[in-house]
Structure formats: C-alpha cells, structure tokens
Amino acid sequence: MDSKHLMSTYVRKPVAFERGDGVWLYAADDKNGRYLDALSGLAVCGLGHAHPAVSAAIAEQSAKLMHTSNIYAIPLQEELAARLCQMSGLDAAFFCNSGAEAIEAAIKLARRHAHARKQPDARVIVTENSFHGRTLAALTATGNPAFQSGFEPLVPGFTRVPYDDLEAVQAALEENPGGSAVLVEPIQCEGGINIPSPGYLSGLRALCDRHEALLILDEVQTGNGRTGKWFCYQHEAVLPDIAVTAKGLANGVPIGVCLARQPVAELFSPGAHGSTFGGNPLACRAALATLDTIEHQDLCSRAGELGDYLLGALRARLSDCASVREIRGKGLILAIELAQPCAPLVDLCLEQKLLINVTAERVIRLLPPLILEQDQADQLVDILAGCIQRFAEPEKPGNGDLP
Ligand SMILES: *Cc1c(COP(=O)(O)O)cnc(C)c1O
C-alpha cells in the first residue's frame, strides 16, 4: 500500500475491501474469506453493502441527472424534505453533505434565533464527552479536548456542562436568559455509548421551553431507524426545535440534513446559508430509496428487536467474564464496556474476520446493519465473546482456543 500522498489523519487497518454484499465485506487480496461487518461503515450502511434497491436507484438517477445546483427547483429534494418532515414531526429541511455541516447549519440557526431576539450573546450549551464533527464550530461543540488540541482559537459562544445533568443545563440557561440553545446527542455515541437517564430529553425540553431556548438534537448517528425509531427522541415522545441527521440517511452516499420547526426554520432567509452539492438529485434519490426500504421492511422495529436479542445473547455469553463492566445499548447501537483499555480487540476481531470498533478507550462499539439476520447475530456474538474472553482472561482454561 502506498499512502504517502494521503494526509495521515487516520490510523488505518491494513485491509482494503473490494466489494460488499449485505452484512459481508470481501477483501481485495483474500479470495476465500469474508468479513462480518458489525460497524456498517460507522452507522452509514444500515441496509448493508450493495443493497439492490439503493444501487438501482443510484444507477438510474446517475444515468438521468446527478446535479443541477440549488439555483433551480429540485423535485427530489422537495420529496425527501416532505418525507423527513413527516418522519421527524418537524417542518422544514436544509440539505448538506455531512453530519458536521448539518451541525453547522443548526448552530447558525441558533445564532439567528438569538439575534432575532436581540440577544447579543448567542450561546450554545453543549456537553462533556459529546461528538458533533470536525469543522470548527462542530469541533468547538465537541466535548473532547484531544480532538480540539492544536486547533485553537475555537469558536466563541459555547458553554459546556456535564451530560445527563439537567441542573447544570438549568444553571447555564439562567446565566444567559433568552439567547440560548441546548445541543446534545440523545445517546453519546463516540463518547462511549452513554445512554442518559429516562426523562433527560423531556427534562431538556421543559427547561428550553421555560427559558425560551432552542433544543437541538444531534441524531447524526442515532437517526434513520438505528435505535428502533426513525429518530431516537421519539422513544421519549419529545419534539426538538432542530434535529440533524446524516450517516445512515442514504446508505453511503454523502448527505446531511438539518430539520427545524417553524418559526425557527424561517430564520434562514434566501442567501442566509447554502451548499453547492447539498440535496442534489443523486443524494436525494439514494436517501429516498434507503428510507423506502427501511419503511417497507419495517427495519426500525427490526433494529429494536435485534438489539434486544443481541443484548440478551451478549449478556448470557459474557456473564462470567469479570472484565466486562456493562453491556448496554438501544436498538443497534450496542456497547460492551470493559474494565481495561481494549483497543487491541479490534485487531483480534479483525483476525477472526469480524469488524468492530473501540471508542472511549474501553468501550467496544457495535453498529451492525439493520438487515442483520439472527444467525448472523449469533455468529457475531460467538466471535466477539470468544475474542473478549481470550483478550480479558487469557489465563482461563479454554480461552486460548479460537472461537
Ligand atoms: C459522525 C457524527 C458527526 C459528524 O458527522 P460527519 O459526517 O463525520 O461530519 C456528528 N455528530 C455525531 C453524533 C456523529 O456521530
């Protein structure tokens, strides 16, 4: 491999995939082995790889029309916006190309909201351990000093509070009455799959209402059916003022969206914001095909059921593993937290042809495709539990054996 012409922003595994089929990935140099993908390209390919409905939609659209620019009407964009508004309970959409860009749009709306109310200090309250992306304002919102280090000065106007702490948000809102927004993930994903206490989101909603602040939910990773509902906030029947999503929306075609309630959405007037590629016919067609498939195959419910099944199976298999601190999840966002740092597990699983990820040092993160079948879920559990046992308790009899 020759990567000297790539900026080294990533630590890459020495494997290149050439093609995929459903939950399986095939490496270029490995004719007889396939990898079970329990990551979905970081929650992007919810329908697995090379899904025929999405591939056909992209092929057809690319042969017809890919891009015209937002100077002209784009019927597919209007159709997708209507669809997302109906799914989310919100009123209007702005399309861009990534999660970070969708967060930027939300932050710009929050600033317009404060200025419209003649509040010069447009403040966004964000949380520790959050992840909102790598552009400068999204990076500022991100609660991980390691990602921010060396990129100062960061963007002004952010206040950080602990996650899952309503009192801290209340104190921050009281300090800046009238001009604030609260930006959180309904589950902190990159930060270690931190699931807040029941009532956190509805508590935030009540606080934002009381202080006339905007509630912005980052559903970049949790959206599009992954937790068992279209949007994770729907588990608590909370309606935010703004929701953003991206990753799983078009099964691999870059797209991001910022959705807002009226009158918040109206704070963007013509010329206020824009994106050259945002919402082009190709991306919108891919997103519509993805959402159609999730809906027709009832994959939101499937994600919920399969998530419960995986939680149960992992807990049963790992019940006597002293190194396992907690196994938690919602739908197909699953975490196994160990007592020790466990980054080497990624390579152990890779050797066994299972793709997983470790975040926050000691948290194994699973984001399998929504189309995972039960026997594939069983294979996932077998391989992963075997690797965890060998990694965490190598001296225990039997654990040296390969799964
Ligand atoms: C991945 C992610 C982002 C950033 O999305 P990009 O498409 O990488 O810019 C933002 N928020 C959350 C919660 C994410 O998981």
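Values reported hereafter were calculated over all heavy atoms of this structure, with side chains retained and with hydrogens, waters and symmetry mates removed. One-based numbering along the sequence shown. No experiment lies behind these values; they were computed from the predicted model shown. Note that ligands are numbered from 1 as they come in the structure, with each ligand's atoms numbered from 1 the same way.
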For the pair Asp209 and Arg205, find out whether any cationic side-chain nitrogen is under 4.0 Å from an anionic carboxylate oxygen. yes
List in chain and number order the residues that pass side chain to side chain contact (heavy atoms under 4.5 Å, CB included) with Ile195, two or more places apart in sequence or in another chain; answer none if no residue qualifies. Ile187, Arg328
Inter- and intrachain pairs under salt bridge (charged side-chain N to carboxylate O under 4.0 Å, His left out), touching residues 143-161, at least two apart: none
Name the residue from Thr293, Leu80, Leu84 that meets the side-chain contact (heavy atoms from CB on, under 4.5 Å) definition with Leu288. Leu80
Can you name the one residue among Asp37, Ile356, Ile333, Leu310 that meets side-chain contact (heavy atoms from CB on, under 4.5 Å) with Pro368? Leu310
Given a heavy-atom cut-off of 4.0 Å, could you list the residues near ligand 1 in chain and number order? Ser98, Gly99, Ala100, Phe131, His132, Gly133, Glu185, Asp218, Val220, Gln221, Lys247
Per the ring-ring contact (aromatic ring centres under 6.0 Å, His included) rule, what does the pair list look like for residues 8-39, sequence neighbours excluded? Phe17-Tyr35
